[in-house]
Amino acid sequence: MAPSDFIRTVVAQHVTEGRYQRIHTRFPPEPNGYLHIGHAKSICLNFGIAREFGGICNLRMDDTNPTKEDVEYVDSITEDVKWLIGGWADDRLGMKSKGKTPETQSVNGVADFHLAPAISNPKSEILEPFYASDYFAQLYEYALRLVKKGLAYVCDLSPEDTDKYRGAPDRPGQESPWRNRGLEENLDLFIRMKNGEFPDGSRTLRAKIDMASPNIWMRDPVLYRIRHAEHHHTGGTWCIYPMYDFAHCLSDYIEGITHSICTLEFEVHRPLYDWILENLDLPRPLPHQYEFARLSLGYTVMSKRKLMQLVNEGLVSGWDDPRMPTISGLRRRGVTPPALRDFAYNIGITKYNALTDVAVLEHAIRDDLNRRALRRLAVLRPIKVVLTNFPEGKTEELDAVNNPEDANAGTRKIPFSGVLYIEQDDFMENPSPKYFRLRPGGEVRLKYAYIIRCDEVVKDSSGKIVELRCTADLDSKSGGPTAGRKVKGTIHWVSADHAIDAEVRLYDRLFTVPEPDASGDFKQYLNPHSLEIVTAKCEPRVKDAKPELRYQFERLGYFCLDKDAQLSTDKTRLIFNRTITLKDTWAKEAHKSYE
RNA sequence: UGCCCGAUGGUGUAACGGUAGCACAGCAGACUCUGGAUCUGUUUGUCAUGGUUCAAAUCCAUGUCGGGCAGCCA
């Protein structure tokens, strides 16, 4: 069922009214960092609306600040968006033919600019995202138009003075001494700004609105600043760059966007968004801005600045470190697009600044992986078990189900022998009565195999357990005469002689507190145990693991092959990431007894 | 202290003047050759005070609390 929220309600109403020919949204990241799960919320919203109302969602680089942006980011953003919407809203993705810029048409003698998405282009044509920087020429024309209408002026105030003149939220601003320059002078100066005659910071183009407005953003906001800087997309073509407020509304207009959805902090910018569009006398229907609350998620940080800090200071291995809340990090961790979309659906869209419980994300991930993961047997922290009554050297092949949630996944054979590994956690010398795994003198079922009894605990000189000597009920094999015997616990195991080694990276939450950035330095809350690496003993079939598939190591959690496995020179090297553990009610029970 | 926005169980989110529902989490139980999954049951809520109305989570007023806004960032 499609979600319902206040934005979709408005869109649905507009569809009913026939207000627009087609619903058109956009996802407009600035290419100055990697996308994170908060962006995923926005992507699911914008593409979800396009999908539900038969519309299009443009991917647009909001690239008006050359000093902060880079192609590395436009590439990663494009990849992440395509990955997230893959198989779900691919046909709603608005891109354009490579190199294409707005088409100019004359409406009542006035130039209008429009760039439609290349929806039905032949496949041979190379598509790329939209770029706000593709509209710099048109934006410049629009600015000229504002100057000619007496609604914008060139201001010579220094950055510091501009600041002073702006006033404060509770104190009106003061008009710039350059505010009332003549039309011709403004025009001449602005053109010369564009031509590169003035140094950075010496002048700006400002909208002439109201320095006494209670809304700071209406106090003659800067529209253009001088920046003699190379731009990642337009190169050295420009030395003046439009500000967000000027570029964004007009980019929306140029692309024919109907619903421009952004986060709450832009709410106070909406009057300016409307002011610019309304004062340009544009012929086509104007886009409107709607705001929703950005995502904040427990036990992580979401700001690009902080994520960048983690990367730059080497606190994580990169933007795609599996502990990062970035889309690339989640992908590498093994999270799938449907899980992320399901999460986005579940958290909803409101204007309330909420802190979302990570449990909601974790539930979405488990729910998805439970259905798709192939089950395998692997032991993370092995302890040796010798079956004293099992014929030495004998190997049996046992049948195991690949996925109990999916009958089509079939079965496989697992080798069984008299020397095994089981999980250290699955044996306790002096457990509580509620523990129903292996204990001295106790019985446990080996999954798909026999019921065994622990007869002897062998320790080394330091007292460390090195081996468990057990006897198997040889009639209790799955399908055998006493297979129906009820034993409280069932544990996983691997035949020692047949086991293969794999490096397994066990990830945990990156921070130790729900709100790492609530106060002080967020880095002090970094979880020192967010990554632990072990060498696991795995059933032989694990060597056939494929990077696109997901696995459940039974009773442990969900795992996937890490990209490092493919990059390694030794092709047989196996490296798994733990995406998430299984729900562990025993851990909760065990924890209770400590309290 | 100017302007804008918000407030529904523990956490999120529905209900748009007419029985406060859902998800997650929690708790209890059933089932289980994964202490997983599944199933059943269950605890807990409309920020406050007034007003309008036959009827208010919903409309109005005031207050309280929380968030945002003073880049030539987006």
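Just so it is clear, the values below take in all heavy atoms, side chains as well, and ignore hydrogens, waters and symmetry mates. Throughout, a chain's letter reflects where its sequence line sits, starting with A, and its residues are numbered from 1.
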### Query
For B:G18, what is the paired nucleotide under Watson-Crick or G-U wobble rules, both distances under 3.5 Å?
B:C54

### Task
Can you check each nucleotide of nucleotides 14-29 of chain B against protein heavy atoms at under 4.0 Å and return B for base, S for sugar-phosphate only, - for none, in 5' to 3' order?
S---------SSSS--

#### Entry: Aro-ring/base stack A:Y352-B:G6, d under 5.5 Å, angle under 30°
no

### Message
Centroid separation under 6.0 Å, is that true for the rings of A:W586 and A:F436?
### Response
no

### Message
So A:F436, base contact, sugar-phosphate only, or nothing? Heavy-atom distance under 4.0 Å.
### Response
base

### Query
Quick one: are the ring centres of A:F559 and A:F553 less than 6.0 Å apart?
yes

### Message
If I pick the P atom on B:U42 and the same atom on B:G21, what distance separates them, to the nearest angstrom?
### Response
12 Å

### Message
Would you measure the distance from the C1' atom in B:U62 across to the matching atom in B:G68 and give it in whole Å?
### Response
23 Å

### Query
Checking side chain to side chain contact (heavy atoms under 4.5 Å, CB included) against A:L420, which of A:V494, A:I383, A:L387 comes through?
A:L387

### Query
A:I365 CD1 to B:G36 P: how many Å, rounded?
19 Å

### Summary
Heavy-atom nearest nucleotide on RNA chain B taken for A:R555 and for A:T356; more 5' hit belongs to A:T356

### Summary
B:C3 -> Watson-Crick or G-U wobble partner, both distances under 3.5 Å, gives B:G68

### Query
Using purine N1 to pyrimidine N3 plus N6-O4 or O6-N4 for Watson-Crick, or N1-O2 and O6-N3 for G-U wobble, each under 3.5 Å, what pairs with B:U34?
none

### Query
Within the modelled atom types, does a donor on one side and an acceptor on the other bring the side chain of A:E405 and the base of B:G36 under 3.5 Å apart?
yes

### Query
How close or far is atom C1' of B:U34 from atom CG of A:L369, stated in whole angstroms?
15 Å

### Task
Could you tell me whether A:R219 contacts a base, only the sugar-phosphate backbone, or nothing, with contacts defined as non-hydrogen atoms closer than 4.0 Å?
nothing

### Query
Relative to A:F198, does A:R203 satisfy both conditions: NZ or CZ under 6.0 angstrom from the six-membered ring centre, and within 45 degrees of the ring's axis?
yes

### Query
If we ignore angles and hydrogens, is there a donor and acceptor under 3.5 Å between the side chains of A:T67 and A:N65?
yes

### Test log, rule side chain to side chain contact (heavy atoms under 4.5 Å, CB included), inputs A:N58 and A:F27
CA-CA 6 Å; A:N58 285 3; A:F27 174 64; over 6 Å; no

### Task
Would you classify A:Q552 as touching base, sugar-phosphate or nothing, given that sugar-phosphate means primed atoms plus P, OP1 and OP2, and contacts are heavy atoms under 4.0 Å?
base

### Task
Using the C1' atoms only, state how far B:G29 lies from B:U64, rounded to an integer number of Å.
43 Å

### Message
Let's test this: given Watson-Crick or G-U wobble pairing with both distances under 3.5 Å, identify the partner of B:C24.
### Response
B:G10

### Message
Need one value for A:P404: base, sugar-phosphate or nothing, where a base atom within 4.0 Å counts as base even if backbone is also close, heavy atoms only.
### Response
base

### Task
Salt-bridge test for A:R60 and A:D252: reply yes if a basic N is under 4.0 Å from a carboxylate O, no otherwise.
yes

### Task
Write down the distance between CG (A:N370) and C1' (B:U38), rounded to a whole number of angstrom.
9 Å

### Query
Can A:H269 and A:D245 be counted as having a side-chain donor-acceptor contact under 3.5 angstrom?
yes

### Query
At under 4.0 Å between heavy atoms, what does A:Y450 touch on the DNA or RNA strands: base, sugar-phosphate, or nothing?
nothing

### Message
So that I know where these two stand, are A:H39 and A:Y34 an aromatic pair - ring centroids less than 6.0 Å apart?
### Response
no

### Task
For A:D584 and B:A37, give me the distance from atom CG to atom P, rounded to whole Å.
10 Å

### Task
Pull up the glycosidic torsion of B:G71 and say syn or anti, syn being anything within 90° of 0.
syn

### Query
Which part of the nucleic acid does A:L355 contact within heavy-atom distance under 4.0 Å: base, sugar-phosphate only, or nothing?
sugar-phosphate

### Query
Salt bridge or not for A:R192 and A:E197, using N-O below 4.0 Å?
yes

### Summary
Nucleotide by nucleotide, nucleotides 66-74 of chain B touches protein heavy atoms under 4.0 Å in the pattern (B base, S sugar-phosphate only, - none) -SBSBSBSB

## Note on the structure
Between CG of A:D274 and P of B:C4 the distance, given in whole Å, is 16 Å

### Message
Using a 4.0 Å heavy-atom cut-off, does A:K164 contact any base of the nucleic acid, only the sugar-phosphate backbone, or nothing at all?
### Response
nothing

### Task
Check the distance between B:A37's P and A:N402's CG and give it to me in whole angstrom.
20 Å

### Message
Does either side chain, that of A:E291 or that of A:Q289, offer a donor lying less than 3.5 Å from an acceptor on the other one?
### Response
yes

### Query
Rounded to whole angstrom units, what separation is found between the CD1 atom of A:I580 and the C1' atom of B:A37?
15 Å

### Query
Over how many whole Å does the gap from A:D342 atom CG to B:G12 atom P extend?
19 Å

### Query
Are OP1 or OP2 of B:U32 and a side-chain N or O of A:T490 less than 4.0 angstrom apart?
no

